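Working notes, structure below.
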Amino acid sequence: MVEHGVFYWNELMTRDTEKARAFYGKSIGWTFTEMPMDGGSTYIVANLGDKHVGGMFLMEGPHFEGVPEHWMSYIAVDNVDERLELAVAHGGEVLRPPFDVEGIGRIAILKDAGGAVMGWMTPAEMTG
């Protein structure tokens, strides 16, 4: 069972998934599986043996202009909607309101009071 308040997932935001796959595959030994996403894009899951260890997301479109490639961390929370209200009340800022990913969970992107960006998610396995 996933615990509230722990780092749950890491995702590489990249402009070149093939280059990243080659780098991490050759240097760490990851293998990759593809997961179709809404809108026709593909999410890439990194695996070490039979364990999912992270993901890759292709940064494309004008909203990523000027954003450097980076690793994005997600923290598991018991109720993303309620926790976002608390975050905003304590100086946080919601960058992307909560959205659902079937079979994965409910996710939001926010800045903390100091400006650090992260994702918070209520994984599907937390909601039963």
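The model shown is predicted, which means the values in this text are computed figures rather than measured ones.
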- Query: Roughly how far, to the nearest 0.5 Å, is the CE atom of Met121 from the CD1 atom of Ile109?
  - Reply: 9.5 Å
- Note on the structure: Residues Trp120 and Arg83: closest non-hydrogen pair is CZ3-O, 3.4 Å
- Message: Looking at His52, I want to see if its NE2 is surrounded by more than 12 non-hydrogen atoms of other residues, nucleotides or ligands under 6.0 Å.
- Response: no
- Over 12 non-hydrogen atoms of neighbours within 6.0 angstrom of CZ in Arg15: yes
- Closest approach of Ala20 to Leu12 (non-hydrogen atoms, all atoms of both residues): CB-CD2, 3.6 Å
- Salt-bridge test for Lys19 and Glu69: reply yes if a basic N is under 4.0 Å from a carboxylate O, no otherwise. no
- Message: Do Met37 and Val45 land in one hydrophobic cluster if side-chain heavy atoms of ILVMFWY residues count as linked below 4.5 Å?
- Response: yes
- Item | Phe32-Met13 co-clustered via ILVMFWY side chain contacts under 4.5 Å | no
- Heavy-atom check, side chain of Met59 versus side chain of His70, under 4.5 Å: yes
- Query: Given side chains that start at C-beta, do those of Ile44 and Thr33 come closer than 4.5 Å, heavy atoms only?
  - Reply: no
- Can you name the closest pair of heavy atoms from Val117 and Lys111 and give their distance? CG2-CG, 3.7 Å
- Query: If Ile, Leu, Val, Met, Phe, Trp and Tyr residues are connected whenever their side-chain heavy atoms lie under 4.5 Å apart, and connections chain through other members, are Tyr8 and Ile104 in the same group?
  - Reply: yes
- So Tyr24 and Trp71, would you call those rings parallel, tilted or perpendicular, with 30° and 60° as cut-offs? perpendicular
- Query: Does some side-chain heavy atom of Thr42 sit less than 4.5 Å from a side-chain heavy atom of Met35?
  - Reply: no
- Item | Worked verdict on Glu11 versus Tyr43 for side chain to side chain donor-acceptor pair (under 3.5 Å) | CA-CA 10 Å; Glu11 177 175 87; Tyr43 188 81; 2.6 Å; yes
- Find out whether Glu18 and Asp16 are in side-chain contact, i.e. whether some heavy atom of one side chain is under 4.5 Å from a heavy atom of the other. yes
- Message: Hydrophobic clusters here meaning ILVMFWY residues chained together by side-chain heavy-atom distances under 4.5 Å, can you tell me if Phe99 and Val88 are in one?
- Response: no
- Query: Taking all atoms of both residues into account, what is the closest heavy-atom pair of Val2 and Pro123, and its distance?
  - Reply: CG1-CG, 4.0 Å
- Query: Could you walk me through whether Trp30 and Phe23 pass the side chain to side chain contact (heavy atoms under 4.5 Å, CB included) check?
  - Reply: CA-CA 9 Å; Trp30 287 350; Phe23 174 81; over 6 Å; no
- Item | For Ile75 against Met118, the heavy-atom pair lying closest together | CD1-SD, 4.0 Å
- Message: I'd like to check Tyr74 versus Asn10 (side-chain heavy atoms, cut-off strictly below 4.5 Å). Are they in contact?
- Response: no
- Message: What I'd like to find out is whether the side chain of Leu84 reaches to under 4.5 Å of the side chain of Leu110, using heavy atoms alone.
- Response: yes
- Query: When you measure from the side chain of Asn47 to the backbone N and O of Asp50, does any donor-acceptor pair fall under 3.5 Å?
  - Reply: no
- Item | Nearest non-hydrogen partners of Val80 and Thr122, listed with the distance | N-OG1, 2.9 Å
- Task: Decide yes or no for Asp81 and Pro98: does some side-chain heavy atom of the first lie under 4.5 Å from some side-chain heavy atom of the second?
- Result: yes
- Please answer: with hydrophobic residues joined when any side-chain heavy atoms are less than 4.5 Å apart, are Val67 and Ile107 in the same cluster? yes
- First locate atom CZ of Arg21, then atom OG1 of Thr14, and finally report the distance between them rounded to the nearest 0.5 Å. 11.5 Å
